[in-house]
Amino acid sequence: MFFHFVLLVVSLVSFLRNFHASGCEPPDNVFFSVVNHTGPMIEGRQYTLQCAVQDVAPVENLNVTFYRGPTALGRLQPNNNAEKTPVTENFTLNITSSKEDDGVQYWCEAKLELGPEGPQQPPVVTSHKLTATVYYQPHLHGSSHPDPIIIPEGNPLQLNCSAVGNPRPSFNWTVPSDNPSPSNLSVLTINSVTSADNGLYTCCVSNNMGTLAVTFNVEVQDLNCTDKPEFTPSRLVVKHGDPTSASCSVCQKACIGHIFNVEASIGDSTKNGPTVSWTVDKLTEWSISPLCYYTDKDGKQCCVRLPITVYKPPDNVFFSVVNHTGPMIEGHQYTLQCAVQDVAPVENLNVTFYRGPTVLGRLQPNNNAEKTPVTENFTLNITSSKEDDGVLYWCEAELELGPEGPQQPPVVTSHKLTATVYYQPHLHGSPHPDPIIIPEGNPLQLNCSAVGNPRPSFNWTLPSDNPSPSNLSVLTINSVTSADNGLYTCCVSNNMGTHAVRFNVEVQANHIPIILGAIAVAVAVILILAGVGYHRFHRHNRTDSTT
Ligand SMILES: *[C@@H]1O[C@H](CO)[C@@H](O)[C@H](O)[C@H]1NC(C)=O
Ligand SMILES: *[C@@H]1O[C@H](CO)[C@@H](O)[C@H](O)[C@H]1NC(C)=O
Ligand SMILES: *[C@@H]1O[C@H](CO)[C@@H](O)[C@H](O)[C@H]1NC(C)=O
Ligand SMILES: *[C@@H]1O[C@H](CO)[C@@H](O)[C@H](O)[C@H]1NC(C)=O
Ligand SMILES: *[C@@H]1O[C@H](CO)[C@@H](O)[C@H](O)[C@H]1NC(C)=O
Ligand SMILES: *[C@@H]1O[C@H](CO)[C@@H](O)[C@H](O)[C@H]1NC(C)=O
Ligand SMILES: *[C@@H]1O[C@H](CO)[C@@H](O)[C@H](O)[C@H]1NC(C)=O
Ligand SMILES: *[C@@H]1O[C@H](CO)[C@@H](O)[C@H](O)[C@H]1NC(C)=O
Ligand SMILES: *[C@@H]1O[C@H](CO)[C@@H](O)[C@H](O)[C@H]1NC(C)=O
Ligand SMILES: *[C@@H]1O[C@H](CO)[C@@H](O)[C@H](O)[C@H]1NC(C)=O
Ligand SMILES: *[C@@H]1O[C@H](CO)[C@@H](O)[C@H](O)[C@H]1NC(C)=O
Ligand SMILES: *[C@@H]1O[C@H](CO)[C@@H](O)[C@H](O)[C@H]1NC(C)=O
């Protein structure tokens, strides 16, 4: 026990001595980078990986290894450098990126190889790992298809041009009929081919690195049925879980010796002469297309498929405003969302957004050929205005099933959401004269009625510097005096804003009493003067007569 301890101490001491004797200094830090480059790499281009080893000594014992995931890409030693004190050195390695490098981790490792006298575990410092993104043009995945693709009329056809690429590629199709691209998916599906589907199909797969064109040469085999089987009705639209039936008149003419039937994954077929009835008590499949066929004496086959649309109205339609509750603010943008749950087939869906009775927008799902029920969200952006305060928003999901569908197409309506829109006060009513001229003694009404949400408050500033006499929209003075002359300001405010309305009031002084008083005084003076004059005249006359 004691012996073991002594041995341990001795070996530790010898290790430390050796370590120092060699002047060993493991690197402080090891940085991995791509020289002059950030962001995604491009397939086929050359990049220089760099490993910066900081403060290491002795540099001649250094061994730098570059890794791609777990694989060593290259091992580098410094160029003859006899420097014993710590140095910082950069090591580089050139690589050419390939699409297989997308997502791999690059890194490097610096190791001091100190020989048999060195520590048993040579000092190693590892850089951080850098995950590479490599952009590359689309490449097909999957096997090649036969050329031409020979397919009998009435059969389903799938053309698959699945491809990988970075960024994720987009797909578009050119079809023989010169119709616009029927799909932006990698797989083009035709439920039942006809001779019109004969010809050349091109799938264009592209991303910003390049484009790949895949051509499919489709030969629809004409069964040349002069006496073709016929389904009545020729198309079915059935609610999932409902019963349904159709009959196939196999051959109108001689059916002698023909082998015929209706083939379907569910339901019963009953023959009655050259007619086959197909019935299902409960249609529980989402994708079904019964085949009515016959094979004549020569082995020639003739068939027709019955296309069936299996539908299911949505379980629920939820209306909401994305990431928002409570009142809206005038002028802000909001995203309305209509979440339609469990509807099939989604391609027949039509979603309408309403504002009260008005249609705001009608949306269809993006090319989605899924036949089983799906849940999909539809969104519409609006900018709220004060006129939207109090209106009802809602949405509606409708399945448009065509003339074979139910008379009343299935419609599910969301609940209605009453919008509250906050907006700053807006005056209502006509402008007032400026100035407002009013004779003294008259009543005066100043009206600054306004609407706003929340309901605005009013305060008034008077010429007299008195405190606001009213918190109503109308200020009333029963009888104006000259003291009421001046500027009135009505402040209408809510938490959305403030609006100030100014009224310039000029009170006209009333002069009538003064004029009347002046006239009265004048009349009195005249009367007095006249009285005095008369008196004097008579006294004079009397004096004359006495003399
Ligand atoms: C890095 O880019 C700079 C400027 O673009 C250039 O001067 C320098 O030579 C480049 N270094 C390498 C190693 O390519
Ligand atoms: C090593 O590379 C770094 C950048 O990663 C640079 O700043 C430094 O100057 C380089 N040192 C030498 C000695 O080349
Ligand atoms: C790596 O590539 C650069 C140019 O990108 C070149 O200057 C350098 O010599 C190459 N290094 C090696 C080791 O091939
Ligand atoms: C670097 O590592 C390799 C392989 O492990 C080895 O052969 C070589 O001797 C080492 N270089 C030094 C300087 O120790
Ligand atoms: C299309 O081909 C790819 C690759 O072979 C395959 O993974 C995918 O399942 C195919 N899609 C269909 C619908 O057949
Ligand atoms: C299909 O993609 C190709 C290549 O990106 C483009 O030239 C062509 O206009 C596209 N066609 C349609 C119908 O989008
Ligand atoms: C189809 O049948 C008709 C009459 O039976 C015949 O005249 C015609 O050539 C046939 N067409 C093909 C493409 O076999
Ligand atoms: C909703 O809000 C969350 C968190 O605030 C955010 O991460 C998300 O992107 C928002 N969604 C939309 C559609 O704006
Ligand atoms: C649809 O919206 C709801 C929230 O209303 C969210 O929980 C769900 O993940 C969304 N579904 C899809 C497919 O975007
Ligand atoms: C709706 O607005 C959001 C941002 O609020 C934006 O990301 C989105 O593209 C807009 N949608 C439409 C259909 O304009
Ligand atoms: C959606 O409704 C509009 C107008 O009613 C109609 O023109 C359109 O064909 C409908 N879309 C589908 C997929 O039925
Ligand atoms: C009147 O309202 C304005 C704006 O809200 C405010 O600045 C002012 O102090 C108010 N005056 C009185 C007397 O309340």
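Values in this document were obtained by computation on a predicted structure and should not be read as measured data. In listed order, ligands and their atoms are each counted from 1.
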query = If you measure from atom 8 (C) of ligand 5 to every heavy atom of Leu159, Asn160, Leu185, which option wins on shortest distance?
reply = Asn160

query = Any N or O on Gln50 sitting closer than 3.5 Å to an N or O of ligand 2?
reply = yes

request  = Step by step, work out the side-chain contact (heavy atoms from CB on, under 4.5 Å) result for His128 and Trp107.
outcome  = CA-CA 6 Å; His128 69 281; Trp107 50 290; over 6 Å; no

ask   = Short check: is a protein heavy atom less than 4.0 Å from atom 11 (N) of ligand 9?
value = yes

key: Any non-hydrogen protein atom less than 4.0 Å away from atom 5 (O) of ligand 5   = yes

query = Does an N or O from Ser33, backbone or side chain, lie closer than 3.5 Å to an N or O of ligand 2?
reply = no

task = Identify the protein heavy atom lying closest to atom 9 (O) of ligand 2, giving its residue, its atom name and the separation to 0.1 Å.
result = Asn90 ND2, 4.7 Å

inquiry  = So, taking the atom named CE in Met41 and the one named CG in Asn166, what distance separates them when rounded to the nearest 0.5 Å?
reply    = 12.5 Å

request  = Decide salt bridge (Lys or Arg N to Asp or Glu O under 4.0 Å) for Glu153 and Lys228; before the verdict, give the C-alpha distance in whole Å, the side-chain angles of both, and the deciding distance to 0.1 Å.
outcome  = CA-CA 12 Å; Glu153 208 175 334; Lys228 210 171 185 164; 3.3 Å; yes

query = Can you tell me how far CZ of Phe318 sits from SG of Cys338, rounded to the nearest 0.5 angstrom?
reply = 10.5 Å

ask   = Does the protein put a heavy atom under 4.0 Å from atom 14 (O) of ligand 5?
value = yes

ask   = Short list, please: which atoms of ligand 5 are under 4.0 Å from a heavy atom of Gln158?
value = 13 (C), 14 (O)

Pairwise distance NE2(His145) to CG(Leu140) - rounded to 0.5 angstrom = 9.0 Å

key: Heteroatom distance test (Thr375, ligand 9): nitrogen or oxygen, under 3.5 angstrom   = no

key: Sub-4.0 Å protein heavy atom near atom 2 (O) of ligand 9   = yes

remark   = Note: Leu349 and Gln364 closest approach over all heavy atoms is O-CG, 3.8 Å

inquiry  = Is there a side-chain contact between Ile288 and Leu283 in this structure, where contact means two heavy atoms from C-beta onward sitting under 4.5 Å apart?
reply    = yes

ask   = Does a side-chain N-to-carboxylate-O contact under 4.0 Å join Lys282 and Asp242?
value = no

ask   = With a cut-off of 4.0 Å, which atoms of ligand 5 are near a heavy atom of His141?
value = 4 (C)

task = Using a strict cut-off of 4.0 Å, indicate which atoms of ligand 5 neighbour a heavy atom of Ser162.
result = 1 (C), 2 (O), 3 (C)

